[in-house]
2 protein chains.
Amino acid sequence: MTRRSTNSVTLHDVAAHAGVSPQTVSRAIRMPNLVSESTLAVVRTSIAETGYVPNLAASNLASNRSMTVAALVPAVSYSVFAETIHGLDAVLASKGYHLFIGSTDYDADREEELIRAFLGRRPDGIIVVGTEHTPAARAMLAGAKVPVVETWSWTDEPIDSLVGFSNREAITAVVDYVHSRGYRHPTFAGWLTGSDSRALDRRLAFEQRTRELYPGEPIRVVDSGADGISIAAGRALLDRALREHPETDVLLCASDIFATGALLEAQSRGIAVPDRLAICGFGDFELSRHLSPALTTVSTPNLEIGRRAGELLLSRMHGETAEPTSLDLGFSLAARDSA
Amino acid sequence: MTRRSTNSVTLHDVAAHAGVSPQTVSRAIRMPNLVSESTLAVVRTSIAETGYVPNLAASNLASNRSMTVAALVPAVSYSVFAETIHGLDAVLASKGYHLFIGSTDYDADREEELIRAFLGRRPDGIIVVGTEHTPAARAMLAGAKVPVVETWSWTDEPIDSLVGFSNREAITAVVDYVHSRGYRHPTFAGWLTGSDSRALDRRLAFEQRTRELYPGEPIRVVDSGADGISIAAGRALLDRALREHPETDVLLCASDIFATGALLEAQSRGIAVPDRLAICGFGDFELSRHLSPALTTVSTPNLEIGRRAGELLLSRMHGETAEPTSLDLGFSLAARDSA
DNA sequence: GTGAAAGCGCTAACAA
DNA sequence: TTGTTAGCGCTTTCAC
């Protein structure tokens, strides 16, 4: 009945080497101030000499804390969410927490699937982009018995805590801006095919504000469809906007990625930006300020969302903050040359 | 002596609910074909009704398999490595493996630290960018008793397996190309301050090939230094190159990010590209082909490295491939308009 | 300041 | 096909 052990050095081995009990070794690692100087020294020597690496799965099981956080983002590659992840990781890694990262590919069902899978890891906290989830996903998050932080959106009814900003207000501000600058025929360009609720928020906000500021004007929207989110899609969006709505004098893009593509396409066609056609982006990528004309866009707190979400998680996991907290990090309009 | 349990549903609870042994529930989950149809149905009902979520930490401890893979990359935000991670995750997630991702920030000491921390999670496999590590890091990787895949570089002495390409050959190909196109005064631009061995490889290859093809010509190199890797750094590099080496007629950038910045800076200064100054990049970002002039660059198998590394890990973790494997995925020169 | 005992929730080995 | 037993390596609780 003997089982194949992991045949790696255990707490037991270190204890034997040091001539103390396993318990003392465990204390020496986790609460060194409760152990005498002399035994501490012996234990540390033994750890080094045996090459001991604590097995965190065993620790997890015994202590019921995994020292992990699950993070769910729509995408990592070339996205603003990579910065959020970076901020989150920077805050959590310094406290010994490691991140499980999952890409939902902007798909609510895939998000649900990932939540189910990650729950088996018993994360000590969960961070998720967005406030729209499937009913099952929402139930799992609410019932997970660990702090949950939703991000990148805004709602009055978060599952638990919230760190984000209002996408609606941001687009409203953009429409206000282009209206004040005298543009008369705005067209919205985004990816509306996927189940990305932030994109939907932006589009709806566009429609509403356009109705308010441009009474009688038709609502113009173009969709990148199967092209998804890419520079090539942005180029195609410009083409679509110009063909379907030739009167367009300003293109409001749901992402700087689209805006970049649209700007490059306009330039290759000899369309003057912003004189013949103005372009606005969303996200304020580093590239955007370097383009010429520099892109007018919405600057979002990409990194800060990750940092603050991490800090919130930490304080909740350590029982310092009992209350769910909603944090509005806001946005700012970076008015530059393209509109 | 009773301990506070995790008070979540366990295998035991499900077994009681279903009127079978815990072992049978475990089998029903992991090897359903070894369980009769009827009991399987009962067990599945019980799982659903109790809302059971397996505790993977316990599973890990008992089976000595964590179903996790540790991935170490220099950076995630806006980097080619995000694509590699994406490819890796796509392959591994479908088999139930989850990823621990760590950012080394191009720092070998930080890499060592992360390896030490991740080893406590007992990953079933490790993937790491680069073949240069601190001696301690190398020793840990070699002694980890799990498959290790190094990536994005090339060496004749990998720790275990290798999926990458030769950065030296890639830069050599670029120098050959610009030489064949008649450029006479190449300057290399990169970030040489950090401990990024791929950047060093590229720089050394540049120096060697330049000596061979341009005898008597001085070796021109500019460093982004504290600016790191960004578009702004690329702009500064162009400035530096032109001031320190005004004879430069082609700028070989160690990344498309630099090349993009250099191109935009040249344009804002009214410097004709490629006539007055040609520019080459490295990495073939999506943006690069859309710039005008389109960027001549080295196309690297970003996504494919992740996929193949994942597949290699899978076959090694499942004991199908015993032998360490080295895979040269190569590169290609995307000759476009900027050089 | 240190140690002994019990058990976290699961799977491997064996038996039936 | 199913059940029993004995751990995996650690932390908690309690006793000294």
Side-chain angles (χ1 to χ4, degrees), chain A residues 1-43 46-47 50-67 96 119-122 124 145, chain B residues 1-43 46-47 50-67 96 119-122 124 145:
Chain A
M1 186 58 68
T2 47
R3 302 183 50 180
R4 182 168 59 256
S5 89
T6 55
N7 68 309
S8 71
V9 182
T10 71
L11 205 60
H12 219 89
D13 300 327
V14 178
H17 184 105
V20 297
S21 76
Q23 197 42 241
T24 300
V25 178
S26 177
R27 279 200 201 92
I29 294 170
R30 292 177 304 123
M31 316 126 107
N33 53 324
L34 296 186
V35 175
S36 74
E37 282 296 328
S38 54
T39 48
L40 200 56
V42 175
V43 168
S46 295
I47 288 176
T50 55
Y52 172 63
V53 178
N55 184 326
L56 296 179
S59 166
N60 177 359
L61 190 58
S63 68
N64 200 27
R65 296 195 316 144
S66 65
M67 298 300 285
L119 247 28
R121 305 277 177 189
R122 298 294 190 273
D124 295 332
K145 295 175 194 155
Chain B
M1 185 60 70
T2 47
R3 304 184 48 181
R4 179 169 60 255
S5 89
T6 54
N7 69 305
S8 71
V9 183
T10 71
L11 204 61
H12 220 90
D13 301 327
V14 178
H17 184 106
V20 298
S21 77
Q23 192 49 240
T24 299
V25 177
S26 178
R27 280 199 200 93
I29 294 170
R30 293 177 304 124
M31 317 126 108
N33 53 324
L34 295 185
V35 176
S36 74
E37 282 296 326
S38 54
T39 47
L40 200 56
V42 175
V43 169
S46 296
I47 288 176
T50 54
Y52 172 63
V53 178
N55 184 325
L56 265 29
S59 167
N60 177 0
L61 190 58
S63 68
N64 199 27
R65 297 195 314 144
S66 65
M67 299 299 286
L119 247 26
R121 305 278 177 190
R122 299 293 191 271
D124 295 333
K145 295 176 196 153

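Quick caveat: nothing in here was measured; it's all calculated off a predicted structure. So you know, we letter chains A, B, ... as the sequences are listed, proteins then strands, and number each from 1. Reckoned from all heavy atoms, side chains included, excluding hydrogens, waters and symmetry mates.
As a whole-Å value, the separation of R65(A) CZ from dT11(D) C1' is 11 Å. Distance R122(B) CZ to dC10(D) P: 7 Å, rounded to the nearest Å. Per the geometry, NE2 belonging to H12(A) stands 12 Å off P belonging to dG3(C), to the nearest Å. Atom-to-atom, CG of N64(A) to P of dT11(D) comes out at 13 Å; the value is rounded to the nearest Å. Counting to the nearest Å, the P atom of dC8(C) and the CG atom of N55(A) are 18 Å from each other. Computed from coordinates, the L61(A) CG to dC8(C) C1' distance equals 4 Å when rounded to whole Å. Between the P atom of dT5(D) and the CG atom of L11(B) lies a distance of 17 Å, rounded to the nearest Å. Distance CG (N60(A)) to C1' (dC10(C)): 12 Å, rounded to an integer number of Å.
Counting heavy atoms from C-beta outward, R122(B) and N55(A) have side chains that approach closer than 4.5 Å. Two residues are said to be in side-chain contact when any heavy atoms from C-beta on lie closer than 4.5 Å; R121(A) and M67(B) meet this criterion.
Using a 4.0 Å cutoff on non-hydrogen atoms, the parts of residues 20-39 of chain B near DNA chain C are Q23(B), S26(B), R30(B), ordered by number.
The side chain of S63(B) lies closest to dA12(C) when the candidates are dA12(C), dT11(D), dC10(C).
With hydrogens and angles ignored, the 3.5 Å screen pairs a side-chain donor or acceptor of T50(A) with a backbone N or O of S46(A).
Between N33(B) atom CG and R27(B) atom CZ the span is 11.5 Å, to the nearest 0.5 Å. K145(B) NZ to D124(B) CG: the interatomic distance, rounded to the nearest 0.5 Å, is 14.0 Å. Atom OH of Y52(B) and atom CG of L11(B) lie 4.5 Å apart (nearest 0.5 Å).
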